[in-house]
Amino acid sequence: MLNKKYLIIGIILIILAIIGCIGLFGNTANSDPHTITVTAPNHLEEPTAGFNPLTGWGCGHMNYNPLIQSTLFTTDKEGNFTGDLATDYEISSDGKTWIVNIRDDVKFSNNKTLKASDVAFTFNEAANAKNSDLDMTNLNKAEAVNDTTVKFTLKEPQSTFIYKLRYVGIVPEEGYNNETYGANPIGSGPYMLKQWDKGQQAIFVVNPNYYGDKPYFTQINMLFPDESNSVQLAKSGQADFVYVPISQLNDKIEGYDLIDISAGRAQGISLPYQNVSGEVDGVEVGNAVTSDSAIRQALNIGINRQEIADQVYQGHAKPEYTGSDTRSYGNPAGKVQDNDIDGAKEILKNAGWVDENGDGILEKNGVSASFKIYYSAEDQARQAYSTVVAEQAKELGINITLVGTDWDTIYKNIYSSAAAMQMTSGDPFQAVYKQYHSRNITVGDSLNGNLYSNSEVDIALEKALSESNENIANQYWREAALLSDGGGYSPAGDAPWLWLVNYYFTYFIKSDIDMGDVPPNQGQDSFINIVEWTRVNGTADRTNLVIN
């Protein structure tokens, strides 16, 4: 009798333990097949200002699907721009006026009809916002011609303005308050914000007014973990889809697939282009070593990029040469053959760099081939690839000292020292024009922090930006990479950068989730086509994931 009593008590304790575990970890991701639990887009933190596209949600430094709001354009499975709210558009011959026609059957989640006046309001508000991540400096004004037509007037021609139209979520003019909207957003996208537990999660549910195909997943639970804890959410069965940091690329989880999606996330080293020229506004400018084209060219052909992809990123990356290898406006002719140590040494020798004292470091006119690379001390990847670059450079007779520090210190020293940086934007205005045009040579503007300048490149960039035809514009973007005279921003030209690898966005995803047709080069926009995602019986086919 006593044994039976203890048995009953034991069973009760086991049941209580199970209940306790459920309370501790929450329901597993598959408790409701139409609910999906994910971590925030790629590696982004919780939006402190809420889910407001005018303060950075969905756009700005990292563009991604805002879920709650619609955009004028979206990206199709081939990676091309296609209409979301927009039905068509036209550009004036001078490139300064964009006319966009929109759908007439769209309602916000509060049942109010979305009109052209809402679109105009959104963009004008973005242009005037003081705390926005958006760069709308070239927008003069947006105005509603009628309920379904919006007119955008630019200060200067900008062929890349469609990227702004692609990523800015539309908010309603009526009742909009910049201070409160983020916590209670009204939109016309596929989902609505149901609940926001700050510091923990946001819950999105299907918007019944959504004009597009109804999503399979009727609820999205978005978690905001520390990057180091994201994978644990998959290991404990609490999440279906999580971002994987570099420290856990070799992990394996039963029932999950590890997938790579490219975003053209180019990792590289910015090399100061100008010679030493003293101080500007209290900041040192120029570098006697990296200003020598032979040093930059030798590094570009002498470095083994594949070794960096394999060692640092465990194969979850591929060599990157121009910073725009995967883009439609990239120029393949700008690439070079790397891992050519003999060729690199020959370039240096012909330029007068020799080891005069036998210490293994080259000298020229009394200057040692030595410089510093600054990197963010919080970024494991940048520290790791900078270390490999320094080790490989020794074989060429170039001495590199590494400095791990904070971003304020990096930005202060970027004009006189090399820096470990990255470029993810697919917008050539951000990724090429602002990176390489000499008009951006201003101390304090880190996008052209190495102060690169080539007047012929400037001309090509200006033609690309003012051209209304995208295909013709792309020809000029490519010309800027490699000019007919041999110059240009690519390593086959002036080589102002040492681009290294394209680091994929890597995720753990539950094996029974089918992501549909994922557009190429959109790894940072992990939910770009989430309305197509479904949960399937068995294991989903991952062969349709395109890695470019």
Side-chain angles (χ1 to χ4, degrees), residues 39 41-44 62 226-232 234-235 241-253 256-270 299-327 330 335-339 373-393 395 400 402 404 418-426 431 491 497-509 518 520-526 542 545-548:
T39 56
N42 53 78
H43 65 295
L44 297 181
M62 276 292 213
D226 292 335
E227 184 176 289
S228 59
N229 296 328
S230 62
V231 171
Q232 185 59 40
K235 290 182 176 180
F241 184 86
V242 302
Y243 174 76
V244 182
I246 190 171
S247 61
Q248 295 178 280
L249 292 176
N250 284 328
D251 285 14
K252 294 183 179 180
I253 305 176
Y256 287 79
D257 296 323
L258 186 66
I259 62 171
D260 292 330
I261 308 177
S262 172
R265 183 165 50 161
Q267 312 292 307
I269 307 292
S270 169
L299 285 170
N300 267 281
I301 73 166
I303 292 299
N304 186 339
R305 292 169 172 82
Q306 188 61 56
E307 182 177 289
I308 296 172
D310 293 339
Q311 285 189 6
V312 177
Y313 298 96
Q314 309 301 316
H316 297 274
K318 67 179 181 180
E320 176 77 29
Y321 297 89
T322 68
S324 53
D325 290 0
T326 64
R327 306 300 181 185
K335 297 180 181 181
V336 293
Q337 180 63 51
D338 67 352
N339 195 26
I373 293 180
Y374 283 76
Y375 67 88
S376 169
E378 297 179 350
D379 193 317
Q380 284 184 308
R382 298 192 203 208
Q383 178 183 12
Y385 74 64
S386 297
T387 300
V388 177
V389 167
E391 291 173 350
Q392 293 184 1
E395 294 187 61
I400 295 176
L402 304 182
M421 307 293 281
Q422 76 171 12
M423 174 55 69
T424 303
S425 177
W497 277 74
L498 174 60
W499 292 109
L500 300 169
V501 297
N502 167 8
Y503 176 24
Y504 303 138
F505 281 88
T506 305
Y507 304 93
F508 271 120
I509 183 171
V518 179
N521 271 330
Q522 297 292 328
Q524 84 283 5
D525 192 356
S526 48
R542 304 292 183 205
L545 290 184
V546 180
I547 297 178
N548 292 311

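Contact check on Lys235 versus Asp251 returns a salt bridge, with a Lys/Arg side-chain nitrogen under 4.0 Å from an Asp/Glu carboxylate oxygen.
Here the side chains of Gln522 and Phe505 are not in contact, with every heavy-atom distance at 4.5 Å or above. Ile269 places a side-chain heavy atom less than 4.5 Å from the side chain of Tyr385. No side-chain heavy atom of Pro41 sits under 4.5 Å from any side-chain heavy atom of Asp525. Here the side chains of Gln267 and Val312 are not in contact, with every heavy-atom distance at 4.5 Å or above. No side-chain heavy atom of Ile301 sits less than 4.5 Å from a side-chain heavy atom of Gln337.
Screening Asn339, Asp310, Leu498 for a side-chain contact (heavy atoms from CB on, under 4.5 Å) with Arg305, the sole residue that qualifies is Leu498.
Taking the six-membered ring for Trp and thresholds of 30 and 60 degrees, Tyr243 and Tyr507 have ring planes more than 60 degrees apart, a perpendicular arrangement.
Using a distance-only test at 3.5 Å, with no hydrogens or angles considered, no donor-acceptor pair links the side chain of Gln422 to the main chain of Arg265. Asn502 places no side-chain N or O within donor-acceptor distance of the main-chain N or O of Ser324, the cut-off being under 3.5 Å.
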Would Ile308 and Ile303 count as a side chain to side chain contact (heavy atoms under 4.5 Å, CB included) if you check the C-alpha gap in whole Å, the side-chain angles of each, and the deciding distance to 0.1 Å? CA-CA 9 Å; Ile308 296 172; Ile303 292 299; 4.0 Å; yes
Run the numbers on Thr326 and Lys318 for side chain to side chain contact (heavy atoms under 4.5 Å, CB included), then give the verdict. CA-CA 11 Å; Thr326 64; Lys318 67 179 181 180; 4.3 Å; yes
Let's go through Asp325 and Trp499 carefully: what are the C-alpha distance in whole Å and the side-chain angles of both, what is the deciding distance for side chain to side chain contact (heavy atoms under 4.5 Å, CB included) to 0.1 Å, and is it a yes or a no? CA-CA 10 Å; Asp325 290 0; Trp499 292 109; over 6 Å; no
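Atom CG in Asn521 sits 10.5 Å away from atom OG1 in Thr424 (nearest 0.5 Å).
In the displayed structure, Gln380 atom CD is contacted under 6.0 Å by at most 12 heavy atoms of other residues, nucleotides or ligands.
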